[in-house]
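Worksheet: one structure, shown below.
Small disclaimer: the values here were computed from a predicted structure and weren't measured. We use all heavy atoms of the structure for the numbers below, so side chains are in, but hydrogens, waters and symmetry mates are not.
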Amino acid sequence: MTGIDLPAVTGLWCVAAFLGLAGLAVAAGPSKIATPLIYGGALVVAVVALGAALTCFLSSGPPWTLVLPIGLPGIGARFRIDALSAFFLVVVNLGAAVTSLYALGYGRHEETPARVLPFYGPFLAGMNLVVFADDAFTFLLAWEFMSLTSWAIVLARHRDPASGRAAFIYLVMASFGTLCLLLGFGLLAGPAGGYAFETIRLASHTPFTTTLAVVLALLGAGSKAGLVPLHVWLPLAHPAAPSHVSALLSGVMTKVGVYGFIRIVLDLAGPPNPWLGLVVLTLGGITATIGVLYALMQHDLKRLLAYHTVENIGIIFIGLGLTLAFRANGMNVAAALALTAALFHVFNHSIFKSLLFFGAGAVLAATGERDMEQLGGLIHRMPQTAVAFLIGCAAISALPPLNGFVSEWLTFQAILVSPDLPQWGLKLTVPAAGALLALSAALAAACFVKAFGVTFLGRPRSSAAKVANEVDTFSLTAMYLLAAICFLAGVLPGFVIDALSPVMAMLVGDTMPQQVAVPWLSIVPIAESRSSYNGLVILTFLIASGTMTAMVIHRFATRATRRSAIWDCGFPLDAPQTQYGSASFSMPIRRVFGTAVFSVHERIDMPRPGELRAGSFHLRVIDPAWRLAYGPIARAVTAASLSLNRLQFLTIRRYLTLVFCTLIALLVMVAAWR
């Protein structure tokens, strides 16, 4: 028995316990105890699963495997925990535990708990099973199970047309992704049908087979992760789902999509081709930029956060693209640096994005509003939520000494190694991706200045914002727990980097230099002569400089009180409408990128001088993916469906003629093929 046998078996039993929560939810029905019972049970199971995953992740033992006599004949249902799966199990179950804690309080505000609770535990089980799976059949079964249970939760408010549309689009994109993964696994399994991952690893694949399988994996896993242009479901499904489920969808489930891509491309498909790294890198840069630009245009707080998930998925895929490029050229140390940056950002995004969705859920529970134009002044009514949300905003904006800065800084360090790449295409593409990453980081900071400022600062813009109250203790505890992790991972990142070393050794054959041994807990990604970072020093400097500034101002500033009229933006009216709103804040960005990136439709109705009616301003921003791809496809499918609809009304003779002609055509095709 190895050191991880018991924790691994415990983690697998936790999957069964998550599934058991569905039966418990059905048995509890609409009673008052259902919400605390299910979320409390999920919290306990997730904490146990997290402990088991951490034990497996931090141990240095060999991979753990288990084969059950179910599934495909001759293969069975195979489960495995190695360094990569252990890391993602930590991400999944940490998110599940904190979300369940938050849901103990937030769940009391849920409109349709009977449509959420039965699927909550199975959704967590599905994400765990995807990471546990060690054969293609089990992987795809768990993948589809995860998609269907999350779809059911997105459809919880089925009477809302927006929720119905979001659920439909999510289901279509999920089915498309599963189909692509099915075809990719079929190519890797080959004619012999070796669907066990160990068999796929040992098989030899032609370059064409490997390339096509990687493209299919990029489409299948990229659609689940939210890679542009496969992201269209994400800004629709996240606002439609309950806020704690939105945190799971954005912070955790998209990372399962990233896991699927890494497992197939870096573990199963064999040595990569350099141009695959170029493709992934390009898509990552475009995804990061498009995501943050569209986030800036949003006034729905949850939709803004959803588009920022697209941006951060782009950052992760920039790191993965660099990993593929470096690994294809034998630059294993640089590949380890890029993959460390990508996986560190996987962890970081799961933390601060969950925190931000929790904050948005708290605002929604307190005010009933997601529209930032109806909020404002909440820092006075909800000060604790405001502080936690501010920490999340600083983390996602990559401000030191928080965790978001470290992973993006590591990504830039990997970009700076790119001049050693021999291919000219990569030499030109990597700096362009670095420029897009820098642009997205700057725009992300601007976006969250807008999100926090419009939501929490200024004066209330509605009666709901005026009477808002602070949320419950469970919600605040979950938010501050995640805020603390943002600080710890940002101040002491060396421990996280060293913990990821077994994953690097497994996937790229090398690791970054050991970080804990570096003096003063600095991190040195390549060599001390090139660059280093110390979050603890930066935190100490910020505290010391802030304290000294406050002391100097308190000691030497005048104590006289001066009163004067505040700047009123040129309007003498004492009304909340005179404040900067969400649309006005993003107007300069909209003017710059409106023609090139957005399909902006503005309609302004200004009354003439002397008219007493109110003016109006309507803004509509259309995602180019809908305009260029999905809109034409939907119209073509509708037209084809209407044309084929006439086949329902044929006579018996015409049906027989159609069948006969089809049979003849198939026989001709078979003869020509032979």
- Item | Candidate pair Leu356 and Cys393, rule side-chain contact (heavy atoms from CB on, under 4.5 Å), full reasoning | CA-CA 7 Å; Leu356 290 167; Cys393 290; 4.0 Å; yes

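- Listed by chain and number, the residues in a ring pair (Phe, Tyr, Trp, His ring centres under 6.0 Å) with Tyr195 amount to none (sequence neighbours excluded).
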- Message: side-chain contact (heavy atoms from CB on, under 4.5 Å) for Leu248 and Leu124? Distances and angles first, verdict last.
- Response: CA-CA 9 Å; Leu248 284 175; Leu124 301 179; 3.8 Å; yes

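- For the ring-ring contact (aromatic ring centres under 6.0 Å, His included) criterion with Phe197, the lone passing option out of Phe132, Phe185, Phe79 is Phe185.
- Between Phe317 and Phe261, the ring planes lie tilted relative to each other; the angle falls in the 30° to 60° range.
- Arg327 contributes a side-chain N or O that, together with a main-chain N or O of Leu266, makes up a donor-acceptor pair within less than 3.5 Å.
- Pairing each heavy atom of Ala338 with each of Gly319, the nearest pair is CB-O, 3.6 Å.
- Thr138 places no side-chain N or O within 3.5 Å of a backbone atom of Asp134 that could act as its donor or acceptor partner.
- Without hydrogens or angle criteria, Arg201 side chain to Leu268 main chain gives no donor-acceptor distance under 3.5 Å.
- Remark: the backbone N or O of Ser250 is paired with a side-chain donor or acceptor of Lys255 at under 3.5 angstrom.
- Expressed to the nearest 0.5 Å, how far CG of Leu301 lies from CZ of Phe357 amounts to 8.5 Å.
- Annotation: the span from Arg370 atom CZ to Lys302 atom NZ amounts to 6.0 Å, rounded to 0.5 Å.
- Side chains of Leu283 and Val228 form no contact here, defined as non-hydrogen atoms less than 4.5 Å apart.
- Among all heavy-atom pairs drawn from Thr287 and Val310, the shortest one is CG2-O, 3.1 Å.
- Side chains of Thr309 and Lys353: a donor-acceptor N/O pair is present below 3.5 angstrom, by distance only.
- The closest donor-acceptor contact from the side chain of Asn348 to the backbone of Asn403 lies under 3.5 Å.
- Take Ser85 and apply the side chain to side chain contact (heavy atoms under 4.5 Å, CB included) test, not counting sequence neighbours, and it matches Ile81, Asp82, Val131, Tyr259, Arg263.
- Residues Met253 and Ser150 approach most closely at SD-OG, 3.9 Å, considering heavy atoms.
- In this structure, CZ on Arg303 lies 12.5 Å from CG on Leu305, to the nearest 0.5 angstrom.
- Put simply, CG on Leu324 and CD1 on Ile262 are 9.5 Å apart, with the number rounded to the nearest 0.5 Å.
- Residue Leu187 forms a side-chain contact (heavy atoms from CB on, under 4.5 Å) with just one option from Leu212, Val214, Thr210, and that option is Leu212.
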- Message: Pair Ser147, Lys224 - check side-chain hydrogen bond (donor to acceptor under 3.5 Å, both in side chains), show working.
- Response: CA-CA 9 Å; Ser147 300; Lys224 185 67 67 180; 2.5 Å; yes

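- Using the six-membered ring where Trp is involved, His345 and Phe352 have ring planes that are perpendicular, over 60° apart on the 30 and 60° scheme.
- Checked against the 6.0 Å centroid criterion, the rings of Tyr39 and His244 qualify as a close aromatic pair.
- Inter-residue side-chain proximity for Met127 and Met146 is flagged as met; some heavy-atom pair is nearer than 4.5 Å.
- Of the N and O atoms on the side chains of Thr149 and Tyr120, not one donor lies less than 3.5 Å from an acceptor on the other residue.
- Side-chain contact check for Met479 versus Val98: every heavy-atom pair is 4.5 Å or farther apart.
- Shown here are the side chain to side chain contact (heavy atoms under 4.5 Å, CB included) partners of Ala152, two or more places apart in sequence or in another chain: Phe119.
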- Between Val9 and Trp64, is a side-chain contact (heavy atoms from CB on, under 4.5 Å) present by the stated rule, with each step listed? CA-CA 9 Å; Val9 173; Trp64 172 88; 3.8 Å; yes

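- Applying the side chain to side chain contact (heavy atoms under 4.5 Å, CB included) rule to Leu155 yields the partners Trp151, His158, Ala167; only residues at least two apart in sequence or on another chain are considered.
- Residues Leu320 and Val258 form a side-chain contact, since some pair of their non-hydrogen atoms from C-beta on lies under 4.5 Å apart.
- Put simply, the side chain of Trp233 gets close to the backbone of Ser223: a donor and an acceptor are under 3.5 Å apart.
- Side chains of Ile38 and Val116 form no contact here, defined as non-hydrogen atoms less than 4.5 Å apart.
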- Stepwise side-chain hydrogen bond (donor to acceptor under 3.5 Å, both in side chains) test for Asp510 and Asn332: CA-CA 6 Å; Asp510 215 325; Asn332 290 344; 5.2 Å; no

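- The backbone N or O of Arg80 lies less than 3.5 Å from no partner atom in the side chain of Thr65, so there is not a single donor-acceptor pair.
- Within the structure, no pair that satisfies the side-chain hydrogen bond (donor to acceptor under 3.5 Å, both in side chains) test touches residues 477-505, not counting sequence neighbours.
- No side-chain heavy atom of Val26 sits less than 4.5 Å from a side-chain heavy atom of Leu117.
- Phe57 pairs by the ring pair (Phe, Tyr, Trp, His ring centres under 6.0 Å) definition with Phe87, not counting sequence neighbours.
- Arg78 has its side chain out of reach of Leu66: every pair of non-hydrogen atoms, C-beta onward, lies at least 4.5 Å apart.
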- Might you work through the side-chain contact (heavy atoms from CB on, under 4.5 Å) test for Leu188 and Ile264, ending with a clear yes or no? CA-CA 9 Å; Leu188 294 175; Ile264 295 172; 4.0 Å; yes

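- The CD1 atom of Ile315 lies 7.5 Å from the OG atom of Ser407; values are rounded to the nearest 0.5 Å.
- For Ala241 against Ser246, the heavy-atom pair with the smallest separation is O-OG, 3.3 Å.
- Residues Ala22 and Pro122 share a closest heavy-atom pair of CB-CG, 3.5 Å.
- Here the closest non-hydrogen pair linking Ala247 and Phe358 is CB-CE2, 3.5 Å.
- Checking side-chain atoms of Arg157 against main-chain N and O of Ala240 turns up a donor-acceptor pair under 3.5 Å.
- Here the side chains of Thr254 and Leu249 are not in contact, with every heavy-atom distance at 4.5 Å or above.
- No side-chain donor-acceptor contact under 3.5 Å links His231 and Tyr307.
- Rounding to the nearest 0.5 angstrom, the gap separating the CG atom in Asn93 from the CG atom in Leu50 is 6.0 Å.
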